[in-house]
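First comes the structure, then the notes that go with it.
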Protein chains: 2
Amino acid sequence: MEKYVHILKGKGLKITPQRLTILKYLDENRTHPDADIIYNDLKSMNPSLSRTTVYNTLDAMRNIKIIQELTISKTETRYDYHTDPHHHFLCMKCGSIIDVDIKCPHQDSKEVDGHRIEEIHGYFKGICKICSNE
Amino acid sequence: MEKYVHILKGKGLKITPQRLTILKYLDENRTHPDADIIYNDLKSMNPSLSRTTVYNTLDAMRNIKIIQELTISKTETRYDYHTDPHHHFLCMKCGSIIDVDIKCPHQDSKEVDGHRIEEIHGYFKGICKICSNE
DNA sequence: TCCTAACTGGTAATCATTACAAATTAAAAA
DNA sequence: TTTTTAATTTGTAATGATTACCAGTTAGGA
Ligand SMILES: [Mn+2]
Ligand SMILES: [Mn+2]
Ligand SMILES: [Zn+2]
Ligand SMILES: [Zn+2]
């Protein structure tokens, strides 16, 4: 837990039990969950937790770049504790988002066609291994 | 216009003036517009056009793969007449989505880590050339 | 020309996210 | 340690894109 305190402090964010809980959850659940899944999973242990706080916290942590936002799924924004640029696979059947470890030649580019790059996103859509075997 | 009739017929979709108008609009407006922009731009010439029809049409055309859906912007789905896999740049300031012509080594992959690939998406987020110069 | 399944258009519902404001709290200052 | 206050949390209400629904219309084959 000291680990998360340190991360937040290093970026000048106030330490609150809600933020620590959410950050720990993301670290331990690398399934690219959305705000609602996080909220529901934490609600049982933290009955007073508010859905708004989950949204606020995710937004605050994204701002200081300690987590990453994934705009891949059409319906909800999903979050990733892993901030190094990496690629994803979205299963069109079960909806899961899976990390794929492939190298990309544009990983370190700072601009394309004169446009300044701040984030790089690559993902595949299809049917995942598990869903393929019925 | 015969061009669009041919495209729709080839895929077994009924020819309707609404569909022809929307498909032509997408062909002539490669700005990756969303449903609402399409609706508003066409409304003046086609006062009876319904927003629902725009959504239905885009969905039907995406199903038969004559247009492409872009899930890049957080708030709305945007559409592209250009269906060959290619990369995009999303400006975080003005919101425009721009084609970028770079080659990708995964362009023709059929699977990764055992997951069957059906679509490949790559995009950059940052500040576009125009917005950079204030 | 007739018939019918497919399509259109208007309105209502859904659902993720944001706005708002009152109550609480982290942490800096005294 | 106590005080102070700006930041945070929470519950509820609003927003906005998209979907559901259904009655009326139409494309296109018989
Ligand atoms: Mn990831
Ligand atoms: Mn494009
Ligand atoms: Zn799957
Ligand atoms: Zn721009």
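Everything quoted here is computed from the prediction, not taken from an experiment. Just so we're on the same page: letters track the sequence lines, and every chain starts at 1.
Of the residues near DNA chain D, A:Ser50 and B:Asp34, the one whose nearest nucleotide (by heavy atom distance) lies more toward the 5' end is A:Ser50. Judged by closest nucleotide on DNA chain D, B:Asp59 is the one of B:Pro17 and B:Asp59 placed further toward the 5' end.
At the heavy-atom level, B:Thr16 lies under 4.0 Å from the strands shown only through sugar-phosphate atoms. Among the heavy atoms of the strands, none lies under 4.0 Å from A:Asp36.
Picking from C:dT8, C:dA26, C:dA16 the nucleotide with the shortest atom distance to the side chain of B:Thr57 gives C:dT8. The side chain of B:Leu13 approaches C:dC7 more closely than any other nucleotide in the set D:dT12, C:dC7, C:dT17. Taking the side chain of A:Thr77 as heavy atoms from C-beta on, and the options D:dT18, C:dT8, C:dT17, the nearest nucleotide is C:dT17. Of the candidates C:dA5, C:dT18, C:dG9, the closest approach to any side-chain atom of A:Tyr55 belongs to C:dT18. Distance from the side chain of A:Thr52 is smallest to C:dA19 among C:dA19, D:dG28, C:dG10. Distances were taken from every side-chain heavy atom of A:Arg19 (C-beta onward) to each of D:dA27, C:dT8, D:dT8; the shortest belongs to D:dT8.
Nucleotide D:dG16 holds its C1' atom 10 Å from the CZ atom of B:Arg51, rounded to whole Å. In this structure, the NZ atom of B:Lys74 is 14 Å from the C1' atom of D:dG16, given to the nearest Å. With rounding to whole Å, A:Gln18 atom CD is found 14 Å from C:dT24 atom P. The separation between A:Tyr39 atom OH and D:dT9 atom P is 15 Å, rounded to whole Å. Remark: C1' of C:dT17 and CD1 of A:Ile38 are 14 Å apart, rounded to the nearest angstrom. In this structure, B:Asn56 atom CG and C:dA6 atom C1' are separated by 11 Å, rounded to whole Å. C:dT17 atom C1' lies 14 Å from atom CD of B:Glu76, rounded to whole Å. In this entry the distance linking CD1 of B:Ile15 with P of C:dA6 reads 15 Å, nearest Å.
For the residue pair A:His32 / A:Asp99, a side-chain donor-acceptor distance below 3.5 Å is found, with atom types taken as modelled. Defined by atom type and a distance below 3.5 Å, a donor-acceptor pair is present between the side-chain atoms of B:Glu76 and B:Ser73.
When atom types are taken as modelled, the side chain of B:His86 and the backbone of B:Lys103 share no donor-acceptor pair closer than 3.5 angstrom.
Put simply, the residue from B:Arg62, B:His88, B:Arg30 that forms a side-chain hydrogen bond (donor to acceptor under 3.5 Å, both in side chains) with B:Asp80 is B:His88.
Contact of B:Ser48 with C:dG9 (side chain to base): no donor-acceptor pair of N or O atoms is detected under 3.5 Å.
Atom NZ of B:Lys65 has 12 or fewer heavy atoms from other residues, nucleotides or ligands within 6.0 Å.
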